[in-house]
Amino acid sequence: MSKGVTPQSQDYAKWYTDVVQKAELADYSPVKGCMVIRPYGYAIWENIQSVLDRMFKDTGHVNAYFPMLIPESFLKKEADHVEGFAPELAVVTHGGGKKLEEPLVIRPTSETIIWSMYKKWINSYRDLPILINQWANVVRWEMRTRMFLRTTEFLWQEGHTAHATGDEAVEEALKMIDVYRTFAENYMAVPVIVGKKTENEKFAGAVDTYTIEAMMGDKRALQSGTSHYLGQNFAKAFDVMFQNEKNETEYVYASSWGVSTRLVGALIMAHGDDKGLILPPKLAPYQVVIVPIYRDEATKSAVTDYVDKITRSLGSLNVRFHVDTRETLSPGYKFNDWEMKGVPLRVEAGPRDVANDKLVVVRRDTGEKTLQSRESFLESVGGLLDTIQDSMYRNRLAFRDDNTQDISSYDELKAATADGGFARAYWDGSGDDERTIQEETKATIRCIPFGQDGSEGTCFYTGRKTSRQVIIAKAY
RNA sequence: CGGGGCGUAGCGCAGCCCGGUUAGCGCGCCUGCUUUGGGAGCAGGAAGCCGGAAGUUCAAAUCUUCUCGCCCCGACCA
């Protein structure tokens, strides 16, 4: 492996692909647009999964699995849904050596297959709500792909809920976007703006789409999770009705919500630097890596014994650690390697440290190097990991705030977003206005943030009075 | 699908313009010895139908034509 990665300042896109490869997160597959997620990348995804899965279950959801192959006709039942997904479908036309009566699409998302089943399962309000999540792969034939951010096949979770009232379904969609916000902020250490998508940007088949938008290291926005209030659109398309308490027949209300392996891309780009990844302790496959340093067999056995004492304690402290015992690599190489892989804390243990009962402890996020006694390290490591987690979040929050500007004219918008950056502005334009702005500036309305104070201002584009503010940025 | 670039050892490249002996270099890999506190050193070694096909020629990695694939930039999206 050659040294280092392309500096961010030189070519951010190249930096990103370099990091993905050199940190051994993923590799290119023989099929265009697909990727192989390597063990280290998958370990990050597994940590994301296990935290989110717990959060979903704590909010009353259960997991299930629906098939990957969907009759083509299902996709055509919801008008907006077909229109939205038709161009990016992979279709199976043959099976068992014979042409199929009806082609099967590989799921781009599972609303249709799930709602075809909900029709069988829902009769009465007593059957509601249904709160199902599934962890799955989906395929969307994208024109341009990028590792983790947009690949032909990707892994995600998709929640699909069914409710007796629209209010309840909206509440569910809002609850889940808040789960995503909590996850992004508390686990990924990535601040996000929570809000509603405009008509142009919402999901194909949704009444409303909610989103969390994060700022990457190049100041561009990344949609990191979405939830949708689907109204009765899919219930009508699949004829899913229930009898309410007054014995009236009514269509069921729906929500769906998802996050994907794109979150791994978000972690890379939100925190990474020219040395590689910087992982938040709560999601890092290894929170601490120990590099033993020795000269000969005598120092090796002394250092090994010393390291054993440390790892026994770390194990009981519930710290995820790894001891790098690779024989053929120099300590210097290992330092760089684990920095590339973003491990939050590196511990160096050599003969000098054994002699003094000390350790060299290095923070990945700040580069700060300290000499500590073994005892004080073991006492403080848990707190130090929390400090890193917190400091990473505050660092990214400050970065985002520094790169977010309030703008009040079209020229200001262009200036604020040209080189990345979020623009916050009053907005009363139309969908066509939005498209024009996108064509002219490449920036899009990322969302209409929640929690607006209702104060009035002037739309920067139409000049009309409005109380609605939006966030505009170039996005991935 | 439009514009640009690239296919030579596992990876990154040189050689190609101007055809000519065993096709080179760096990294990685293998063996041995010495090393190990910020990407170790020396010695030896393995590894290539030069993306594919056809053509020109005494002779093709090199020239011609066709083809396949990949990457980057634009039009779509979690």
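Reminder, nothing fancy here: chain letters follow the sequence lines and each chain counts from 1.
If you check every strand for non-hydrogen atoms under 4.0 Å, A:F203 touches nothing. Note on A:G350: a base of the nucleic acid sits closer than 4.0 angstrom, heavy atoms only. Within the 4.0 angstrom heavy-atom criterion, base atoms lie near A:E339. A:R146 comes within contact range of no nucleotide atom at all, as no heavy-atom separation falls under 4.0 Å. Residue A:L222 is out of contact with every strand shown, counting any heavy-atom pair closer than 4.0 Å. Across all strands, A:T152 comes closer than 4.0 Å to no nucleic acid atom at all (heavy-atom distances). Within 4.0 Å (heavy atoms only), A:V360 reaches at least one base atom of the nucleic acid. Using a 4.0 Å heavy-atom cutoff across all strands shown, A:D353 reaches at least one base atom of the nucleic acid.
Comparing B:A46 with B:U31, their P atoms are spaced 15 Å from each other, to the whole Å. For the P atoms, the distance from B:G19 to B:A9 is 24 Å, rounded to whole Å. A distance of about 26 Å separates the P atoms of B:A54 and B:C18, rounded to the whole Å. Remark: the separation of the C1' atoms in B:U8 and B:A61 is 7 Å, to the nearest Å. One C1' atom belongs to B:C66, the other to B:G74, and the distance between them is 28 Å to the nearest Å. Rounded to whole Å, the separation between the P atoms of B:U56 and B:G15 comes to 29 Å. Rounded to whole Å, the separation between the C1' atoms of B:C58 and B:U21 comes to 15 Å. Comparing B:C63 with B:C16, their C1' atoms are spaced 10 Å from each other, to the whole Å.
Ring geometry for A:W257 versus A:H61: interplanar angle over 60°, hence perpendicular rather than tilted (30 to 60°). Between A:F238 and A:F234, the ring planes are parallel. Angles under 30° get that label, and only those over 60° would be called perpendicular.
Going from atom NZ of A:K275 over to atom CG of A:D273 covers 7.0 Å, rounded to the nearest 0.5 Å.
Within 3.5 Å, a donor on the side chain of A:R150 pairs with an acceptor on the base of B:C77, or the reverse. With hydrogens and angles ignored, no donor-acceptor pair closer than 3.5 Å exists between the side chain of A:D337 and the base of B:G39. Counting atom types as modelled, A:R295 pairs no side-chain N or O with a base atom of B:G37 as donor and acceptor under 3.5 Å. Judged by atom type and distance alone, A:S330 does not reach the base of B:A40 through any side-chain donor-acceptor pair under 3.5 Å. Taking only distance into account, the side chain of A:E348 never meets the base of B:G38 through a donor-acceptor pair shorter than 3.5 Å.
The minimum heavy-atom distance linking A:K300 with A:E327 is given by the pair NZ-OE2, 2.8 Å.
Not one N or O on the side chain of A:N133 forms a donor-acceptor pair closer than 3.5 Å with the backbone of A:N63.
Under the 6.0 Å distance and 45° angle rule, A:R107 does not count as a cation-pi partner of A:F66. Cation-pi check for A:K414 over A:Y410 is met; the charged atom lies under 6.0 angstrom from the ring centroid and within 45 degrees of its normal. At least one test fails for A:R374 against the ring of A:F377: distance under 6.0 Å to the centre or angle within 45° of the axis.
Across every strand in view, B:A23 sits unpaired, with no contact that passes the Watson-Crick or G-U test at under 3.5 angstrom. Across all strands shown, nothing is found opposite B:C18 as a Watson-Crick or G-U wobble partner with both distances under 3.5 Å. Across all strands shown, B:C63 forms a Watson-Crick or G-U wobble pair with B:G55, both key distances being under 3.5 Å. Figure legend. B:U31 is base-paired to B:A43; pairs are counted as Watson-Crick or G-U wobble with both atom distances under 3.5 Å. Base pairing of B:A9 is not made with any nucleotide, judged by Watson-Crick or G-U wobble geometry with both donor-acceptor distances under 3.5 Å. Summarising the base pairing, B:G38 is matched to no nucleotide, lacking a Watson-Crick or G-U wobble pair whose two defining distances lie under 3.5 Å. If you check B:G2 for Watson-Crick or wobble pairing at under 3.5 angstrom, you find it paired to B:C73. With both pairing distances under 3.5 Å, B:C50 is matched to nothing as a Watson-Crick or G-U wobble pair.
Residue pairs satisfying the side-chain hydrogen bond (donor to acceptor under 3.5 Å, both in side chains) criterion with at least one member in residues 203-223 of chain A, sequence neighbours excluded, are listed as follows: A:K197-A:E213, A:K197-A:Q223, A:T209-A:H228, A:T211-A:E213, A:E213-A:R446, A:D218-A:Y476.
Projected onto RNA chain B by closest heavy-atom contact, A:K369 and A:A475 fall at different nucleotides, the more 5' of which corresponds to A:K369.
Computed from coordinates, the A:D18 CG to B:C72 P distance equals 12 Å when rounded to whole Å. Between A:K14 atom NZ and B:C71 atom P the separation is 14 Å, expressed in whole Å. Atom P of nucleotide B:C70 and atom CE of A:M35 are separated by 18 Å, given to the nearest angstrom. With rounding to whole Å, A:M143 atom CE is found 17 Å from B:C72 atom C1'. Following rounding to the nearest Å, A:Y476 (OH) and B:G74 (P) show an atom-to-atom distance of 11 Å. In this structure, CD of A:Q21 is placed 11 Å from P of B:C11, rounded to the nearest angstrom. Atom pair A:N200:CG and B:C77:P shows a separation of 10 Å (rounding to whole Å applied). In this structure, the OH atom of A:Y28 is 18 Å from the P atom of B:C6, given to the nearest Å.
Closest approach to the A:Q223 side chain among B:A78, B:G38, B:C77 is made by B:A78 (side chain taken as heavy atoms from C-beta onward). Comparing B:A75, B:A78, B:G38 by their nearest atom to the side chain of A:R140 picks out B:A78. When the nucleotides B:U36, B:A40, B:C76 are ranked by their closest atom to the side chain of A:E88, B:C76 comes out on top. Candidate nucleotides B:C77, B:G39, B:G38 were compared by shortest atom distance to the side chain of A:V362, and B:G38 ranks first.
Both geometric conditions, a ring-centre gap below 5.5 Å and a plane tilt below 30°, are not fulfilled together for A:W156 over the base of B:A78.
Side-chain N/O atoms of A:K22 include none lying less than 4.0 angstrom from OP1 or OP2 on B:G28.
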